[in-house]
Asks: 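To start, I am sharing the structure in question, which I have written as structure tokens.
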Amino acid sequence: MVDTGFSSFDTMVDKANRLLKDVEEAFEWPKERRKQSYAALRAVLHPLRDRLPVETAVQFGAQLPTLVRGVYYDGWKPADTPVKMSNEEFLARVRSEFPYAVEGGSEKLVRTVLKTLERHVSAGEWQHLKSRVPNSFAALLP
């Protein structure tokens, strides 16, 4: 556990670290690859956020751990969303934002990060998210 001297901050850091650790465990990456798990999370969160209708993006963001929520909203321009993109375009964007090679490629990266995110939001919110995207895109979601 982190000790910042402020319990609310400690809790926020611990929740963000738990999510990153879950990504690392899914890929069997050591903790020393924390920058890579962070990059994976960010590379998936941004195109996901941009793909969603604004209201859905906000509702989903509200479910994320506080520090992860900051990453999620970083650089967001709600007036420019939702961005229509095919699954191939979504995967290409993830690939362009994730500077590391990963076994299984971008699709495995996306599916793994999304499965991890699913465990960190309510089941109802995850189902709402799936219901608000086209069926072809929902196929990427666990």
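We use all heavy atoms of the structure for the numbers below, so side chains are in, but hydrogens, waters and symmetry mates are not. Fair warning: this is a prediction, and the values are worked out from it, not measured in the lab.
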Asks: Within the 3.5 Å criterion, strictly below it, is a donor on Gln59 or Glu55 matched to an acceptor on the partner's side chain?
Replies: yes
Asks: Flag the pair Leu114 / Leu48 as yes when at least one side-chain heavy-atom distance between them is below 4.5 Å, and no otherwise.
Replies: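 Of all side-chain heavy-atom pairs linking Leu48 with Leu114, at least one is under 4.5 Å.
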Asks: Short question: side chain of Asn87, backbone of Leu140 - any donor-acceptor pair under 3.5 Å?
Replies: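 Not a single qualifying donor-acceptor pair exists.
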Asks: Counting distance only, does the side-chain N/O of Glu89 pair as donor-acceptor with the main-chain N or O of Ser86 below 3.5 Å?
Replies: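 Checking the backbone N and O of Ser86 against the side chain of Glu89, a donor-acceptor pair under 3.5 Å is found.
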Asks: Just wondering, do Trp76 and Val54 contact through their side chains at under 4.5 Å, heavy atoms?
Replies: yes
Asks: Closest heavy-atom contact between Tyr73 and Gly61?
Replies: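 Minimum heavy-atom contact is OH-CA, 3.7 Å.
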Asks: Among Arg95, Arg111, Glu97, which residue satisfies the side chain to side chain contact (heavy atoms under 4.5 Å, CB included) criterion with Ser106?
Replies: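 So the option named by the test is Arg95.
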Asks: Picking from Val113, Thr116, Val23, what satisfies side chain to side chain contact (heavy atoms under 4.5 Å, CB included) with Ser37?
Replies: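 That would be Val23.
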Asks: Roughly how far, to the nearest 0.5 Å, is the OG1 atom of Thr112 from the NZ atom of Lys115?
Replies: 8.5 Å
Asks: Leu45, Met12: one ILVMFWY side-chain cluster at the under-4.5 Å cut-off?
Replies: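 Per the 4.5 Å side-chain linkage, Leu45 and Met12 are not co-clustered.
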Asks: Whether Asp22 and Arg18 form a salt bridge (side-chain N of Lys/Arg under 4.0 Å from carboxylate O of Asp/Glu) is what I want to check.
Replies: yes
Asks: Does any non-hydrogen side-chain atom of Lys21 lie less than 4.5 Å from one of Lys31?
Replies: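 When only atoms from C-beta onward are counted, Lys21 and Lys31 do not touch, as no gap falls below 4.5 Å.
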Asks: Does any non-hydrogen side-chain atom of Pro65 lie less than 4.5 Å from one of Leu19?
Replies: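 A side-chain contact exists here, since the closest heavy-atom pair is under 4.5 Å.
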Asks: Taking the basic N atoms (NZ, or NE/NH1/NH2) and the acidic carboxylate oxygens, is any pair closer than 4.0 Å for Asp74 and Arg42?
Replies: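 Salt bridge between Asp74 and Arg42, a charged N being under 4.0 Å from a carboxylate O: yes.
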Asks: Search all heavy atoms of Arg34 against all heavy atoms of Leu20 and return the closest pair with its distance.
Replies: CD-CD1, 3.5 Å
Asks: Check whether Tyr72 reaches the backbone of Ala57 with its side chain - one donor and one acceptor, N or O, closer than 3.5 Å.
Replies: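 A pair under 3.5 Å: yes.
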Asks: Can you confirm whether Arg132 is buried at CZ, in the sense that more than 12 heavy atoms of other residues, nucleotides or ligands lie under 6.0 Å from that atom?
Replies: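 No - once you tally the heavy atoms of other residues, nucleotides and ligands closer than 6.0 Å, there are 12 at most.
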Asks: Using a 4.5 Å cut-off on heavy atoms from C-beta on, say whether the side chain of Val71 contacts that of Tyr38.
Replies: yes
Asks: Do you know which two heavy atoms are closest between Ser96 and Arg93, and how far apart they sit?
Replies: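 So the two residues come closest at OG-O, 2.8 Å.
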Asks: Determine whether Phe9 and Val68 fall in the same hydrophobic cluster, where Ile, Leu, Val, Met, Phe, Trp and Tyr are linked whenever their side-chain heavy atoms lie under 4.5 Å apart.
Replies: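 Each belongs to a different hydrophobic cluster.
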Asks: May I ask you to check if Arg49 and Phe60 form a cation-pi contact, with NZ or CZ under 6.0 angstrom from the six-membered ring centre and within 45° of the axis?
Replies: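 Not flagged: Arg49 not positioned over aromatic ring of Phe60.
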Asks: Taking the side chain as everything from C-beta on, heavy atoms only, tell me whether Leu109 gets closer than 4.5 Å to Tyr100.
Replies: no
Asks: Grab the two heavy atoms, one from Glu125 and one from Thr56, that are nearest each other, plus how far apart they are.
Replies: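 The pair with the smallest heavy-atom distance is OE2-O, 4.3 Å.
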Asks: Look only at the side chain of Arg69 and the backbone of Leu64, and say whether a donor-acceptor pair between them is shorter than 3.5 Å.
Replies: yes
Asks: Under 3.5 Å, is there a donor-acceptor pair between the side chain of Gln63 and the main chain of Ser122?
Replies: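 Here the side-chain-to-backbone pair exists.
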Asks: Determine whether a donor-acceptor pair (N or O, by modelled atom type, separation under 3.5 Å) exists between the side chain of Lys130 and the backbone of Pro142.
Replies: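 Answer holds: yes.
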Asks: With heavy-atom distances below 4.5 Å as the criterion, would you say the side chains of Val13 and Leu67 are in contact?
Replies: yes
Asks: Does a side-chain heavy-atom distance below 4.5 Å link Asp50 with Pro82?
Replies: no
Asks: Within the side chain of Trp126, is there an N or O that forms a donor-acceptor pair under 3.5 Å with the backbone of Leu141?
Replies: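 Flag not set: sc Trp126 to bb Leu141 has no pair under 3.5 Å.
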